[in-house]
Amino acid sequence: MKPSRWYEGVAHCQQNGIGYVLITVVSVAGSTPREAGSKMVVTGTESIDTIGGGHLEFDAIKRAREMLANQHCASRRTGNDANQPSRTYTHSYPLSSALGQCCGGAVKVLFDVCNLDAQHIAIFGAGHVAKALVPILAQLPVRISWIDNRASLFPEQVSDNVTIVVEEQPETEVNRLEDNTWLVVLTHDHQLDYRIVERALKYPALPFVGLIGSDTKAKRFTTKLSHRGFDEQALSRLVTPIGHLSIPGKRPIEVAVSISAQIITMLNSPPTSVAPGVEKQVDALTLRDERCSTSITSE
């Protein structure tokens, strides 16, 4: 069902990773079409709810879409954040003949750009580690596809930016992922892990393929992939064991925190041509906890 209220629009945009502008009437004076606190949502293609209609709303929608366009352009550039356009903006409207409205009052409107270019993360596996990880990552400005073939393992409720995907053959979901998706592979089955990883490495547009497991598992996978013809550039996108190497522990929550720390680092790092935000594996063996010395799965 198409959203009709602004809060439904926000939920819809958050869940589907759509950039939007939340427009809020922050103050009014005199006669106005809507009261302070009225809101609407504007995306590149639609508007949801209303702040009063007429030329006021027409101009607000136009300004909102200009802000979205400017932010999209800026997100493709690198450089100092100080040069980036603001994501918030206020504008005062006198409701006079100049605006084509004769209410006679005045309205101040806040424009707030939200959810722009939210990073997509595909999490394969719904075991203990994933159940600890997803609620952490869902608090970040990301979109999550949570994929498993066991519907009974998923919780009844998840955040609006989490989409549950039940697929009998989870590896087939790799073909449907958009460019620049980050993969986190946490399944209960090493053979399934391998099928997901092998398929993902065939797509250069998937820059980060993180895999849970031990050093032994990592070496076995790397060797097998090399024999299958994957070159060094392709294998550089495989990060295993996944997680921030300085965080010890092998309980599900500890592993989840370690992975979250790496994802947060990546989110706050500039774009690169290789797996983003991945630390150089210098002295990795001394930093890894003993959890990496034995096979770890999400179960």
Enquirer: Return a table of donor-acceptor pairs under 3.5 angstrom between the side chains of residues 18-27 and protein atoms on other chains or two or more places apart.
Expert:
{"residue": "Tyr20", "atom": "OH", "partner": "Gln14", "partner atom": "OE1", "Å": "3.0"}
{"residue": "Thr24", "atom": "OG1", "partner": "Lys39", "partner atom": "NZ", "Å": "3.2"}

Enquirer: Could you tell me which residues satisfy salt bridge (Lys or Arg N to Asp or Glu O under 4.0 Å) with Glu178, sequence neighbours excluded, listed by chain and number?
Expert: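 Salt bridge (Lys or Arg N to Asp or Glu O under 4.0 Å) list for Glu178, sorted by chain: Arg143.
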Enquirer: Check for a donor-acceptor pair, side chain of Thr50 on one end and backbone N or O of Gly52 on the other, with a separation under 3.5 Å.
Expert: yes
Enquirer: Under 4.0 Å between a side-chain nitrogen and a carboxylate oxygen: does that hold for Glu173 and Arg176?
Expert: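 Yes, charged N to carboxylate O under 4.0 Å.
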Enquirer: What's the separation between atom NZ in Lys131 and atom CD1 in Ile253, rounded to the nearest 0.5 Å?
Expert: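 One gets 13.5 Å once the value is rounded to the nearest 0.5 Å.
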Enquirer: Report yes if the side chains of Leu68 and Val113 come closer than 4.5 Å at any heavy-atom pair, otherwise no.
Expert: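 The answer is yes; the side chains approach within 4.5 Å.
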Enquirer: Let me see the working for Tyr89 and Arg63 under side chain to side chain donor-acceptor pair (under 3.5 Å), right down to the final yes or no.
Expert: CA-CA 10 Å; Tyr89 166 71; Arg63 289 175 186 270; 3.1 Å; yes
Enquirer: Under the criterion side-chain contact (heavy atoms from CB on, under 4.5 Å), I'd like the reasoning laid out for Arg228 against Glu198: C-alpha separation, chi angles, the key distance, then a yes or no.
Expert: CA-CA 9 Å; Arg228 291 287 180 91; Glu198 182 182 44; 2.9 Å; yes
Enquirer: Under the 3.5 angstrom rule, does the side chain of Glu46 hit a backbone N or O of Val42 as a donor-acceptor pair?
Expert: no
Enquirer: Quick one: does any side-chain atom of Thr32 pair with a main-chain N or O of Arg34 as donor and acceptor, under 3.5 Å?
Expert: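 Pair found, side chain donor or acceptor close to backbone of Arg34.
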Enquirer: Name the residue from Thr163, Leu137, Val158 that meets the side-chain contact (heavy atoms from CB on, under 4.5 Å) definition with Trp146.
Expert: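 Answer after filtering Thr163, Leu137, Val158: Val158.
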Enquirer: Please name the residue in the list Thr187, Ile147, Val209 that meets the side-chain contact (heavy atoms from CB on, under 4.5 Å) test with Ile196.
Expert: Thr187
Enquirer: Is any side-chain heavy atom of His188 less than 4.5 Å from a side-chain heavy atom of Arg150?
Expert: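 A side-chain contact exists here, since the closest heavy-atom pair is under 4.5 Å.
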Enquirer: Test the Lys62-Phe58 pair against the cation-pi criterion, namely NZ or CZ under 6.0 angstrom from the six-membered ring centroid and within 45° of the ring axis.
Expert: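 No; the conditions do not both hold, so Lys62 does not lie above the ring face of Phe58.
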Enquirer: Could I get the full list of salt bridge (Lys or Arg N to Asp or Glu O under 4.0 Å) partners for Arg5, not counting sequence neighbours?
Expert: Asp49
Enquirer: Okay, side chain of Lys217, backbone of Ile212: is any donor-acceptor separation there less than 3.5 Å?
Expert: yes
Enquirer: Below 4.5 Å, heavy atoms only, C-beta onward: do Ser226 and Leu235 meet side chain to side chain?
Expert: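 Contact flag for Ser226/Leu235 side chains = yes.
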Enquirer: Does a sphere of radius 6.0 Å around CD in Glu35 hold more than 12 heavy atoms from other residues, nucleotides or ligands, not counting ones at 6.0 Å or beyond?
Expert: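 Enclosed.
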Enquirer: Test side-chain contact (heavy atoms from CB on, under 4.5 Å) on Leu186 and Val255; report intermediate values, then the result.
Expert: CA-CA 11 Å; Leu186 310 172; Val255 180; over 6 Å; no
Enquirer: Taking NZ, NE, NH1 and NH2 as the nitrogens, is one of them in Asp215 or Lys219 under 4.0 Å from a carboxylate oxygen of the other?
Expert: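 The answer is no: the pair does not qualify as a salt bridge.
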Enquirer: Look up atom SG in Cys114 and atom CG in Asp112, then write down how far apart they are to the nearest 0.5 Å.
Expert: 4.0 Å
Enquirer: Can a donor-acceptor pair be found, under 3.5 Å and without considering hydrogens, that links the side chain of Asp148 to the backbone of Ala126?
Expert: yes
Enquirer: If you apply the rule side-chain contact (heavy atoms from CB on, under 4.5 Å), what do you find for Cys13 with Thr43, and how did you get there?
Expert: CA-CA 8 Å; Cys13 292; Thr43 72; 3.7 Å; yes
Enquirer: Mark yes or no for whether Glu167, through its side chain, and Asn149, through its backbone, hold a donor-acceptor pair below 3.5 Å.
Expert: no
Enquirer: Thr265 and His244: side-chain donor and acceptor closer than 3.5 Å?
Expert: no
Enquirer: Do Val239 and Leu211 come within less than 4.5 Å of each other through their side chains, counting heavy atoms only?
Expert: no
Enquirer: Angle class for the His190/Phe221 ring planes (parallel below 30°, perpendicular above 60°, tilted otherwise)?
Expert: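 If you compare the ring of His190 with that of Phe221, the planes turn out perpendicular.
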Enquirer: Measuring from Tyr194:OH to Asp189:CG, what's the distance to the nearest 0.5 Å?
Expert: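 Between Tyr194 OH and Asp189 CG, I get 14.0 Å after rounding to 0.5 Å.
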